[in-house]
Amino acid sequence: MTSQNPIVLASAKYPKPAERTFQYGTAGFRMKASLLDSVVYRVGLLAALRSRKLNGQRIGVMITASHNPPEDNGVKLVDPMGEMLEGSWETYATTLANAPSDQALLEIYDKLTSDLNIKTENKARVVFARDTRASGPRLVSALLAALEASGTEYTDYKLLTTPQLHYITRCLNTKSTPYEYGEPTEQGYYQKIAAAFKAATGTRKFNGPVTVDCANGVGGPKLRELIKYLSSASEGGLEIKVVNDNVVEPERLNHQCGADFVKTNQRPPPSSHAAPSARCASLDGDADRLMYYFNDSDSSFHLLDGDRIATLAALFIGDLARNAGLGEKIKVGVVQTAYANGASTSYITQDLRLPVVCTPTGVKHLHHAATRFDVGVYFEANGHGTVVFSDLALKRIGKYEPQSPAQASALDTLRALTALINQTVGDALSDLLLVEVILAHKAWGPKEWHLTYTDLPNRLGRIEVADRNIFKTTDAERKLESPPGVQAQIDALVGKYKNGRSFVRASGTEEAVRVYAEAATRGEADDLAAKVADVVK
Ligand code: NG1
Ligand code: ZN
């Protein structure tokens, strides 16, 4: 009898809230944690299907809402190589999440099984972890119910950063293959990163400590753990001062701290008392975003965001490849979104002479575009990004015989970077050490880094509209094709401002439309943003 089906029986304990429509977006499912039990249960079923479809490869499930407030939570799937879930499966996630009843859920599950030719006799294997939110354990029980009901083998990695789960997923699926990525454990992650950091730093010295604000999230305890694997400051290693690492009081998560706070408010967390020119960094709630910043001697605040991390990495890796004698064999490219500051794009194309590709918002788009370069550097302005090396580039870097001591030294550093950088996904801990290596090599402080180019003043606004879905874009979200006529009005406005640029798009994560504008001066950027907003309202 169907009603005895374990999927139906367990689903009855996690009823879908009526009148709610869920959508798997750029960040998976994310909302108030109280609404998520049925969603997590159903995501568990999808993870089982995905693993069976891929012949029992491990699929990751991460329970987190990143930089959102403490009462929110979310869930997303990780594909076998540690990448984001393949696009076509996002639709299946949405369909399962919206099944109106337990019975309808089973019917969709069975239909997906047959439509996708999933062999039911295949093993299903899932690994999962969560951030420090209070709702995490409850949502884990919903996930477990789905894994049990679908006959899935699973491992609970408990508390991890999102990028750690991506790392472990890839390690598990590549174990004993030529593409082995590392030990599939949290310790393995620290060991790999720490050894690579040491090798990449060589004999260079760090210019004082870096203070890291951990958003009172899972990044705090994990950074403290990582530090145990690094050389101490007294041994010539990097001094990392950990702040905002209170995970005992969950309501402090992302509150007045963290990468999103710093980026949105353009100021340090109020708890920060950093000295002038001291290096400061902020992680977000699941440690996949990173922001650097410093106060100048005149107390002016300077943000070194994802664009700055991307340009720094591209500059350094491009130079290393050339100095190693691989300049012709390894082409470095950068991927950005329309939110990247125009000055960063000019710096990359004109000063670094590297190609730039622009993609729609959402790291999966950037990641995908980055894999088309030998070495693809990608970051969203909000600090989420990484560097990916193609198999060919890794082979060339691994096999090349240096022709001089200078080439050998550059090659050693480049090899170390391929292990230091988490190539599965943006990883704030790995990116932090990458930035520190580069600054140490260049003997730069944040000021010198900031001097590489001058940002164009810009403004990002959020407008609530009746229906954001009428705003349809083209050209990597830089132009509106609907509503008709709006783009022509924006173009006419932009034309009136020196270095003017503006675009409008519907948010993928909020019921709102975003307006971005930049121009030669602060006044003009604000004015342009306000005028474009008037067109949209
Ligand atoms: P939306 O809401 O689609 O603009 C935001 C961020 C993205 C990305 C996603 C996922 C901006 C302007 N947008 O997307 O960069 O990080 O959230 O978290 O920062
Ligand atoms: Zn995050």
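When a ligand or atom number is given, it counts from 1 through the structure's own listing order. Model, not experiment: these values are computed from the prediction.
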| Minimum-distance N/O/S atom that D284 presents toward the Zn ion (ligand 2) |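 Going through the N, O and S atoms of D284 one by one, OD2 ends up nearest to the Zn ion (ligand 2).
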| said: Checking one value in my table: which N/O/S atom of D286 lies closest to the Zn ion (ligand 2)? | reply: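 Looking at D286, the N, O or S atom with the least distance to the Zn ion (ligand 2) is OD1.
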| Can you list the ligand 1 atoms lying under 4.0 Å from a non-hydrogen atom of R289? |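 Near R289, the atoms of ligand 1 are 16 (O), 18 (O).
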Close N or O approach ([X], ligand 1; < 3.5 Å):
X: S507; answer: yes
X: R505; answer: yes
X: G508; answer: yes
X: E380; answer: yes
X: N382; answer: yes

| H384 and ligand 1 - part of the residue with a heavy-atom distance under 4.0 Å |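 Answer for H384: neither.
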| query | Which bit of Y516 is near ligand 1, meaning a heavy atom under 4.0 Å away: side chain, backbone, both or neither? | reply |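 Contact part for Y516 vs ligand 1: neither.
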| Hey, are the side chains of Y339 and R514 touching, using non-hydrogen atoms and a 4.5 Å cut-off? |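 Contact flag for Y339/R514 side chains = yes.
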| said: Nearest 10°: the angle subtended at the Zn ion (ligand 2) by S66 OG and D288 OD1? | reply: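 That angle works out to 170° after rounding to 10°.
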Got the closest protein heavy atom to [atom], with its distance?
atom: atom 5 (C) of ligand 1; value: T509 OG1, 4.0 Å
atom: atom 7 (C) of ligand 1; value: T361 CG2, 3.4 Å
atom: atom 4 (O) of ligand 1; value: R514 NE, 2.6 Å

| message | So that I can tick it off, tell me whether R50 and D79 are bridged by a salt bridge, with the cut-off set at under 4.0 angstrom between side-chain N and carboxylate O. | response |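 Counted as a salt bridge, because a side-chain N and a carboxylate O are separated by less than 4.0 Å.
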| Does E464 pair with R468 as a salt bridge, N-O distance under 4.0 Å? |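 Salt bridge flag = no for R468 with E464.
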| query | Between Y453 and R308, is there a cation-pi geometry (under 6.0 Å to ring centre, at most 45° from the normal)? | reply |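 Judged by the rule, R308 and Y453 form a cation-pi pair.
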| message | Quick check with a 6.0 Å cut-off and a 45 degree axis cone: is R170 positioned over the face of Y181's six-membered ring? | response |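 Yes, a cation-pi geometry holds between R170 and Y181.
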| Between Y154 and F128, how do the two ring planes meet: parallel, tilted or perpendicular, split at 30° and 60°? |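 The arrangement is tilted - the two ring planes meet at 30° to 60°.
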| request: Would you check if there is a donor-acceptor pair between the side chains of T361 and E477 at a distance under 3.5 Å? | output: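 Yes.
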| said: To the closest 0.5 Å, what do you measure between CZ (R505) and CZ (F503)? | reply: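 Between R505 CZ and F503 CZ, I get 7.0 Å after rounding to 0.5 Å.
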| field | E225/K222 under salt bridge (Lys or Arg N to Asp or Glu O under 4.0 Å): CA gap, chis, key distance, verdict | value | CA-CA 5 Å; E225 206 50 41; K222 301 308 176 187; over 6 Å; no
